[in-house]
Chemist: 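One structure is given below, represented as structure tokens, and several questions about it will come after.
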There are 4 protein chains.
Amino acid sequence: MNEELSRADESKQRILLAAAAIFARKGLDGARVDELAAAARINKRMIYHYFESKENLYVEVLRYNCQKIYHLSKGAFIAGADPRENVTRALRQYFYFLAQDEEFVRLVSWEALNRGSYSSRVLPQLLDIFQADLGQILEDGIKRGCFRSDLDIHQTLLSIHALCLAYFTRREMVQPLWSSDTMSEEMLEKRLQHILDLVFHGISKG
Amino acid sequence: MNEELSRADESKQRILLAAAAIFARKGLDGARVDELAAAARINKRMIYHYFESKENLYVEVLRYNCQKIYHLSKGAFIAGADPRENVTRALRQYFYFLAQDEEFVRLVSWEALNRGSYSSRVLPQLLDIFQADLGQILEDGIKRGCFRSDLDIHQTLLSIHALCLAYFTRREMVQPLWSSDTMSEEMLEKRLQHILDLVFHGISKG
Amino acid sequence: MNEELSRADESKQRILLAAAAIFARKGLDGARVDELAAAARINKRMIYHYFESKENLYVEVLRYNCQKIYHLSKGAFIAGADPRENVTRALRQYFYFLAQDEEFVRLVSWEALNRGSYSSRVLPQLLDIFQADLGQILEDGIKRGCFRSDLDIHQTLLSIHALCLAYFTRREMVQPLWSSDTMSEEMLEKRLQHILDLVFHGISKG
Amino acid sequence: MNEELSRADESKQRILLAAAAIFARKGLDGARVDELAAAARINKRMIYHYFESKENLYVEVLRYNCQKIYHLSKGAFIAGADPRENVTRALRQYFYFLAQDEEFVRLVSWEALNRGSYSSRVLPQLLDIFQADLGQILEDGIKRGCFRSDLDIHQTLLSIHALCLAYFTRREMVQPLWSSDTMSEEMLEKRLQHILDLVFHGISKG
DNA sequence: GATGAATGAGATTTCATTCAT
DNA sequence: GATGAATGAAATCTCATTCAT
């Protein structure tokens, strides 16, 4: 009815956003509730009022973050188009989505280590959604003789995922390799081109 | 003096191994000192005696684990050999090294998230060492006209690293994709072949 | 002004009744203000509006409950009647009053333990009132040679009180002794008869 | 082997005793862990080390207190003796046991209100043990024609229990009835005699 | 008169670390 | 070198109470 959030919803939202930032930075165990409350400019008590426990808040943060993917790859697959163009488009979308949302990247990574206990039903969607679009594109490309017929689609999805993600999750490993800022427009585009090159041609000549 | 470990060294070693297992499972913040002591079957006090603090023990665990890489890729590069064979050999070595040491994989991953503060001087070595061998191989391959001349070696190293590691770090995402046990001999070999295929030829036909 | 309770009085009454039930169940320390408000289907703030504090509400609940006794033993003493009949009548009234009002029984019991700080001026009334009627009856019985002349009236009042109350306060101790429901009409009557028997004749034969 | 308690056991014991005193005074909900620790002159942390939680400590206190009864009525029943003498002896023992251990009386009373949730398997023993001895005495008395043959033993046990206990649990109700200190040697003996009188003869004359 | 959000003080519980032996 | 008990600081969580509307 009204566009505005109620005061309560606004507080809840503020907690969620502040928590997302801190959980992303420090992980579940590393984050302190006092710190979360201070960052949300709210009384600690309210965190428990709205989210029951720190763990539960963490799960909500995960859930909230995973929803971001839904807005992601809509319509990467264009039926008549060149499969290579489709792959390029999807991959670029995904790569820049990760590039621009460090929070998401880190939360997903923490969760991968936390045995996925909290998100077991949340994270698989990442690949699922990924699969829905890119999987279709790959199949289409194989059918149309564009891609190798012996391609294992699952493996390929995982590989593309890894190629994109690694650049962001391993920054402290990555940074020393290059002298310039790895997050600059130029460097990002360079990485993306490398991935596309690798994916399409491998390292072999010709 | 004597070949055997003194009782002291043996205790220290036991702490280190127990801590490695637990830090790998739960991370620095998730691990409890009580737990570490219990797992090492030793008095808590001894941990402080030998390692000063929990954080310091963690760093030692990292250091100890990173030493494992030194024993890794010795002699992957064989001067006269086909560059493809050299790549294959190095990649296989690395892939199976990760496959067989989950502890290492997880410790490295935690550390990547933990702002890398502890390992800033430790982790880059991973790529450094990697680079020493595989980098040489790639350069050799380019020079000999075997690999594309426009290959960015840094990017390629990172990519290969990512392709190998992702299979192990994202198990809970990976497992649902396949029905069989992803760590079985057969599945491991399948993944390795996929990586080699991708690296050498990309996904394009012909 | 009008016979109906104003909306305000009605709210106040609802709080009082809900609080009585909860304080009876959990005691002063065990009851939560949130819980009281929820049970009264009213905003927490109103509790403070009407009663100033949780403790004060508790006192009001006690006061309100103690008023129940006033309606109790009116006219148990009938001047000309057989003292035994008078005792029987008064005791029966008291026993069934307790039987039917668990709330009262429990509130009085909590209060007895709570240093009686709140009710120091409230609870003695229980025995006072008790005393007014039953005391008179006993005295009358002694005077008329019906009861033992060495009877200590205070002691006897306390004893009768105890004999009645124990059956209800110690239910979890009492229940295991009997197989049937201790609050059934039949069992209640049996207990009452036992008390009357004991009071009149003791356990000795003849 | 050695009579002395280890330091740990001594600390544990100190916590237990301090907690007993405080729980008796204020109940489970009213007692504060800080207070318990201070009274035991020990760090709060140790309470959790030894007892896991406040509730658990409370249960241990109950358990510990209930063991006191075991040392109680041993040999109240003397086979050949006059049943009245046996009753008198047992009742005196019980009465003075309660008189001298206010802690026990209060803990049992709190527990009776706490719906017996913690002690459901602990408290019934009170009457059980009571029953073992006094029950036997009563039966013996009936058989030997000393007591009324229509005596309900369960009811009688409960009644005797109530008559003894009430004097101590309802002190703030009892005190106003008498001018002198209700716990004085003289007053205690007076109460005991009243109970014995009532139990043996009731209030009727002759 | 009534509401829902908010709060500060404090309760329980946990943890890395140190003492006494 | 080793132990078990102990601790202070801080973490998570709870509660009676009060604003702002």
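Every chain is numbered from 1 and lettered A, B, ... according to where its sequence line falls, protein lines coming before strand lines. Keep in mind that the numbers below use all heavy atoms, side chains included, and drop hydrogens, waters and symmetry copies.
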Chemist: A/E10 CD to E/dA5 P: how many Å, rounded?
Modeler: 12 Å
Chemist: To the nearest Å, give me how far apart NE2 (D/H49) and P (E/dT17) are.
Modeler: 19 Å
Chemist: Expressed in angstrom and rounded to an integer, what is the separation of C/F51 atom CZ from E/dG1 atom P?
Modeler: 13 Å
Chemist: As an exercise, state the distance from CD of D/E103 to NZ of D/K68, rounded to the nearest 0.5 Å.
Modeler: 5.0 Å
Chemist: Verify, without hydrogens or angle tests, whether B/K26 (side chain) and B/A21 (backbone) share a donor-acceptor contact under 3.5 angstrom.
Modeler: no
Chemist: Rounded to whole Å, how long is the line connecting atom NZ of B/K12 with atom P of F/dA2?
Modeler: 12 Å
Chemist: With no hydrogens and no angle check, is any side-chain donor or acceptor of C/K12 less than 3.5 Å from a backbone partner on C/F51?
Modeler: no
Chemist: So A/I47, base contact, sugar-phosphate only, or nothing? Heavy-atom distance under 4.0 Å.
Modeler: nothing
Chemist: What is the per-nucleotide protein-contact pattern of nucleotides 10-16 of chain E, from the 5' end, where B denotes a base atom under 4.0 Å from a protein heavy atom, S denotes such proximity for sugar-phosphate atoms only, and - denotes neither?
Modeler: BSBBBBS
Chemist: What integer distance in Å separates B/M46:CE from E/dC19:P?
Modeler: 14 Å
Chemist: Just how far, in rounded Å, is C1' of E/dA5 from CD of A/Q13?
Modeler: 17 Å
Chemist: Using only heavy-atom distances, determine whether the side chains of B/Y64 and B/Q13 contain a donor-acceptor pair under 3.5 Å.
Modeler: no
Chemist: May I have the distance from C/L36 (atom CG) to F/dA16 (atom P), rounded to whole angstrom?
Modeler: 8 Å
Chemist: Between B/R106 (side chain only) and A/L113 (backbone N and O only), is there a donor and an acceptor less than 3.5 Å apart?
Modeler: yes
Chemist: May I ask which nucleotide in the shown strands pairs with F/dT17, Watson-Crick or G-U wobble, both distances under 3.5 Å?
Modeler: E/dA6
Chemist: Does the side chain of B/R25 come within less than 4.5 Å of B/W110's, by heavy atoms?
Modeler: no
Chemist: Nearest 0.5 Å, please: how far is CG in C/L28 from NZ in C/K54?
Modeler: 5.0 Å
Chemist: Would you say B/S11 places a side-chain N or O within less than 4.0 Å of OP1 or OP2 belonging to F/dG1?
Modeler: no
Chemist: For B/R41 and F/dT3, give me the distance from atom CZ to atom C1', rounded to whole Å.
Modeler: 16 Å
